[in-house]
Colleague: 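Have a look at this one.
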Amino acid sequence: MKKVYIETYGCQMNVYDTEIIKTILVKEGYEFTDVPEKADALFLNTCSVRENAHQKVRQRINVLKQLKRNNKKLIMGVVGCMAQNLRNELLDDKVGVDIVAGPDSYRKLPDMIRHVEKTGEKDFALTLSEYETYSDIFPTHEKGINAWVAVMRGCDNFCTFCVVPYTRGRERSRDPQNVRGEVEKLALQGFKQVTLLGQNVNSYKYESYDFAALMELVSKIQGIERIRFTSPHPKDFPDRLLSAIAENPKICKHIHLPLQAGNNRILDLMNRTYTKEEFLSLVNKIRRKIPDIVLTTDIIVGFPGETEEEFQDTLDLIQKVEFDSAFMFKYSERKNTIASKKFPDDVSDEYKTSRITRLVDLQRSISNKKNNAHIGQVFDVLIEGPAKKRNQLSGRNDGNKIVVFNNSGNFKTGDMVKVKIEEASTNTLIGTIVGY
Ligand code: SAM
Ligand code: SF4
């Protein structure tokens with residue numbers, strides 16, 4: 001049996017796509033290995049969202065291609081967003097890659113491998129589809145308590161900094177009955193939590209189903225105790241969706257709400273379609289409807305032309321909103337994007353570094369304060385596995401915060417326990433089991 005090795009970079013959608021690729025190749029008789037030296041074909045499932053993601057993959061290709069010295073027939077493939085974005089670079093003979101396949105071409109992989117085996121020629125497949133959702137393919141999930149489930153693919157928002165609309169194509173949603181079928185199977189396999197995925201997951205639309213209706217459908221499936229979703233866009237939060245999150249006990253009270261910047265000129269140049277006032281009023285509305293909601297975000301510093309004063313507006317908004325945590329990035333110019341064509345990347349790396357350092361410091365102090373406010377509270381914690389220290393377990397509360405506690409019973413992964421919080425740091429809550 002031929003063996004395949006795959007490494008995954010980037011977002012959860014890539015993790016899910018790797019699971020789809022596994023199902024496609026296993027059906028054709030391939031077996032997966034964790035040891036690259038044992039493989040007949042090596043794949044890297046790649047990300048393009050920032051330049052450092054590209055750099056990591058370039059380095060990895062250079063390391064892995066050494067294996068071709070001992071195994072002349074070894075096939076190396078690059079799939080995913082970088083494949084879609086950098087086809088010419090990757091297909092250059094010097095690089096040593098045999099297969100280049102974009103995110104909508106995974107069904108072609110078995111034929112592509114056969115083609116390379118037979119002819120020794122390179123092969124590529126990079127057509128983006130308006131329909132492909134891999135809906136009929138049940139992904140080969142890693143064991144655990146959470147399974148990722150892509151419910152829509154692609155993105156039509158064209159934020160000017162972002163490469164995703166070019167690498168993943170147009171937005172398309174999956175048939176809700178297929179999503180239900182997949183989640184039912186997951187529940188039978190013992191998964192307790194599903195995270196619904198999409199680049200704009202709350203723009204989900206399939207016939208009469210919107211995202212709220214999809215979540216309600218999934219919440220009826222027996223065995224699934226928690227439903228999470230990522231990433232939504234601030235533009236698509238109808239009251240119906242907020243009511244579903246507020247009222248349905250299975251839908252977790254955590255919203256990842258990417259802000260990107262806190263200055264209106266920059267938000268406009270980014271094409272985010274909201275102002276800081278509109279964002280703030282959405283946050284206030286969410287907090288009125290769901291008082292215990294956990295809010296997290298993404299921020300980019302050093303977008304082209306961002307001045308110190310404009311960056312101060314971001315710090316100011318971060319202080320006003322008080323997100324529970326944030327992913328913070330330095331702007332990275334991406335090929336093909338509107339920003340790369342219209343706005344020179346003119347904020348120096350020195351300023352980007354200074355801004356991200358100050359932002360991280362501010363967010364740390366806010367996260368710390370927010371986590372400390374949980375001391376004394378009792379949370380339902382779904383156990384994910386052992387913690388670093390002996391006899392300690394780690395899990396998450398409804399708001400997606402990591403909770404660590406002594407295993408003062410015989411509890412195991414997948415159990416739900418009540419934990420009273422006694423200590424807190426920027427990233428972790430520490431407590432004691434007080435019930436189950
Ligand atoms: N669709 C999701 C959204 O809108 O939040 C996720 C998109 S992207 C994979 C995740 C985050 O990467 C974005 O929210 C943004 O903060 C960041 N990002 C995207 N393009 C970037 C760029 N060119 N430079 C730096 N960060 C970027
Ligand atoms: Fe990129 Fe914007 Fe689409 Fe998110 S919403 S994937 S940031 S274009």
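We count ligands from 1, going down the list as the structure has it; atoms in each ligand are counted the same way.
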Colleague: Relative to the heavy atoms of Arg272, which atoms of ligand 2 are at a distance of less than 4.0 Å?
Modeller: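 Selected atoms, number and element: 2 (Fe), 7 (S).
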Colleague: Counting heavy atoms only, name the option from Asn271, Val49, Asn157 that's nearest to atom 5 (S) of ligand 2.
Modeller: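 That would be Asn157.
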Colleague: So which bit of Phe329 gets within less than 4.0 Å of ligand 1, heavy atoms only: side chain, backbone, both or neither?
Modeller: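 Side chain only.
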Colleague: Could you pull out, from Lys352, Met270, Arg50, Met13, the option with a heavy atom nearest to atom 18 (N) of ligand 1?
Modeller: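 The residue whose heavy atom sits nearest atom 18 (N) of ligand 1 is Arg50.
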Colleague: Answer with yes or no whether the side chains of Thr18 and Asn45 bring together a donor and an acceptor at under 3.5 Å.
Modeller: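 Thr18 and Asn45 do have a side-chain donor-acceptor pair below 3.5 Å.
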Colleague: Give the atom numbers and elements of ligand 1 that come within less than 4.0 Å of a heavy atom of Val49.
Modeller: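 Heavy-atom distances to Val49 below 4.0 Å select 8 (S), 9 (C), 19 (C), 20 (N), 21 (C), 22 (C), 23 (N).
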Colleague: Under 6.0 Å between ring centres: does that hold for Phe211 and Phe229?
Modeller: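 Ring-ring flag for Phe211/Phe229: true, centres closer than 6.0 Å.
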Colleague: Quick check against the 3.5 Å criterion: does Gln363 have a side-chain atom that pairs as donor or acceptor with the backbone of Phe323?
Modeller: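 Checked: pair present.
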Colleague: Answer yes or no: is there a donor N or O on one side and an acceptor on the other, between the side chain of Lys330 and the main chain of Asp349, under 3.5 Å?
Modeller: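 No; zero donor-acceptor contacts below 3.5 Å.
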Colleague: Please confirm whether the backbone N or O of Ser129 pairs with a side-chain atom of Asp104, one donor and one acceptor, at under 3.5 Å?
Modeller: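 Pair found, side chain donor or acceptor close to backbone of Ser129.
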Colleague: Ring centres under 6.0 Å, that's the criterion: do Phe158 and Tyr166 meet it?
Modeller: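 Distance test on ring centres: under 6.0 Å, yes.
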Colleague: Give the numbers and elements of all ligand 2 atoms closer than 4.0 Å to a heavy atom of Pro165.
Modeller: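 What qualifies from ligand 2 is 8 (S).
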Colleague: Quick check on contacts: which atoms of ligand 2 are under 4.0 angstrom from a heavy atom of Phe161?
Modeller: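 Every atom of ligand 2 under 4.0 Å from some heavy atom of Phe161: 7 (S).
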Colleague: I need the contact type for Ser332 against ligand 1. Using non-hydrogen atoms and a strict under-4.0 Å cut-off, is it side chain, backbone, both or neither?
Modeller: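 Both parts.
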Colleague: Return the closest protein heavy atom for atom 25 (C) of ligand 1 as residue, atom name and distance.
Modeller: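 Heavy-atom neighbour on the protein nearest atom 25 (C) of ligand 1: Lys330 O, 3.4 Å.
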Colleague: So does Leu382 get a backbone contact from the side chain of Lys192, meaning a donor-acceptor N/O pair under 3.5 Å?
Modeller: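 Checking the backbone N and O of Leu382 against the side chain of Lys192, no donor-acceptor pair under 3.5 Å is found.
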Colleague: Is Cys159 close enough that one of its N/O/S atoms sits under 2.8 Å from atom 3 (Fe) of ligand 2?
Modeller: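 Under 2.8 Å: Cys159 has no N, O or S contact with atom 3 (Fe) of ligand 2.
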Colleague: Does a donor on one side chain and an acceptor on the other come within less than 3.5 Å for Thr195 and Asn146?
Modeller: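 Present: a donor and an acceptor within the cut-off.
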Colleague: What protein heavy atom sits nearest atom 10 (C) of ligand 1, and how far away is it?
Modeller: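 Result for atom 10 (C) of ligand 1: Asp298 OD2, 3.8 Å.
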Colleague: I'd like to know whether ligand 2 has Arg168 as a neighbour, heavy-atom separation below 4.0 Å.
Modeller: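 For ligand 2, residue contact (heavy atoms, under 4.0 Å) with Arg168 is absent.
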Colleague: Is Lys185 close enough and on-axis enough to Phe138, meaning under 6.0 Å and within 45°, for cation-pi?
Modeller: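 Checked: cation-pi criterion met.
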Colleague: For atom 4 (Fe) of ligand 2, which protein heavy atom lies nearest, and how many Å away is it?
Modeller: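 Of every protein heavy atom, Gln199 O, 4.2 Å lies nearest to atom 4 (Fe) of ligand 2.
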Colleague: Taking 4.0 angstrom as the limit and counting only heavy atoms of Arg334, give me the atoms of ligand 1 inside it, by number and element.
Modeller: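 With Arg334 as reference, the close atoms of ligand 1 come out as 23 (N).
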Colleague: Any donor-acceptor pair under 3.5 Å linking the side chain of Arg170 with the backbone of Cys155?
Modeller: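 Yes, Arg170 side chain to Cys155 backbone: donor-acceptor pair under 3.5 Å.
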Colleague: Is it the case that the side chains of His233 and Ser203 hold a donor-acceptor pair, with the cut-off being a distance below 3.5 Å and no angle test?
Modeller: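 Result is no, nothing qualifies.
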Colleague: Tell me which one of His256, Gln260, His233 gets a heavy atom nearest to atom 15 (C) of ligand 1.
Modeller: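 It is Gln260 whose heavy atom sits nearest to atom 15 (C) of ligand 1.
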Colleague: Tell me the protein heavy atom at minimum distance from atom 6 (C) of ligand 1, and give that distance in Å.
Modeller: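 Sorting protein heavy atoms by distance from atom 6 (C) of ligand 1 puts Gln199 OE1, 4.1 Å first.
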Colleague: Which atoms of ligand 1 are found less than 4.0 Å from any heavy atom of Pro258?
Modeller: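 Numbered from 1, ligand 1 contributes 3 (C), 5 (O).
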Colleague: Could you find the nearest protein heavy atom to atom 3 (Fe) of ligand 2 and give me its residue, atom name and distance?
Modeller: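 Protein heavy atom at minimum distance: Cys155 SG, 2.2 Å.
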Colleague: Once you restrict to heavy atoms under 4.0 Å, what part of Ile300 touches ligand 1? Side chain, backbone, both or neither.
Modeller: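 Contact part for Ile300 vs ligand 1: side chain (C-beta onward).
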Colleague: So, is Cys11 polar-close to ligand 1, with some N/O to N/O distance under 3.5 Å?
Modeller: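 No, there is no polar N/O contact under 3.5 Å.
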Colleague: To which protein heavy atom is atom 20 (N) of ligand 1 closest, and what is the distance rounded to 0.1 Å?
Modeller: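 For atom 20 (N) of ligand 1, the nearest protein heavy atom comes out as Phe161 CD1, 3.3 Å.
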Colleague: I'd like to know if Asp380 pairs up with Arg226 as an ion pair, taking the criterion as any Lys NZ or Arg NE/NH1/NH2 lying under 4.0 Å from an Asp or Glu carboxylate oxygen.
Modeller: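 The answer is no: the pair does not qualify as a salt bridge.
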Colleague: Using a cut-off of 6.0 Å, state whether more than 12 heavy atoms not belonging to Arg364 lie near its atom CZ.
Modeller: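 Not more than 12 within 6.0 Å, no.
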Colleague: If we only count N/O pairs under 3.5 Å, is Asn200 in contact with ligand 1?
Modeller: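 In this structure, Asn200 places no N or O atom under 3.5 Å from an N or O of ligand 1.
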Colleague: Contact between Glu333 and ligand 1, counting heavy atoms under 4.0 Å?
Modeller: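 Glu333 does not count as a contact of ligand 1 under the 4.0 Å cut-off.
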Colleague: With no hydrogens and no angle check, is any side-chain donor or acceptor of Gln66 less than 3.5 Å from a backbone partner on Asn62?
Modeller: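 At least one qualifying donor-acceptor pair exists.
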Colleague: Here's one to test your reading of the geometry: is the NZ or CZ of Arg50 within 45 degrees of the ring axis of Phe329 and under 6.0 Å from its centre?
Modeller: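 So Arg50 does make the cation-pi contact.
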Colleague: May I ask you to identify the nearest protein heavy atom to atom 1 (Fe) of ligand 2, giving residue, atom name and distance to one decimal place in Å?
Modeller: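 Of the protein heavy atoms, Cys162 SG, 2.2 Å lies nearest.
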Colleague: With a heavy-atom distance limit of 4.0 Å, tell me whether Arg272 approaches ligand 1 through its side chain, its backbone, both, or neither.
Modeller: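 The answer is the side chain of Arg272.
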Colleague: What atoms of ligand 2 come within less than 4.0 Å of a heavy atom belonging to Val164?
Modeller: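 Those qualifying, in numeric order: 6 (S).
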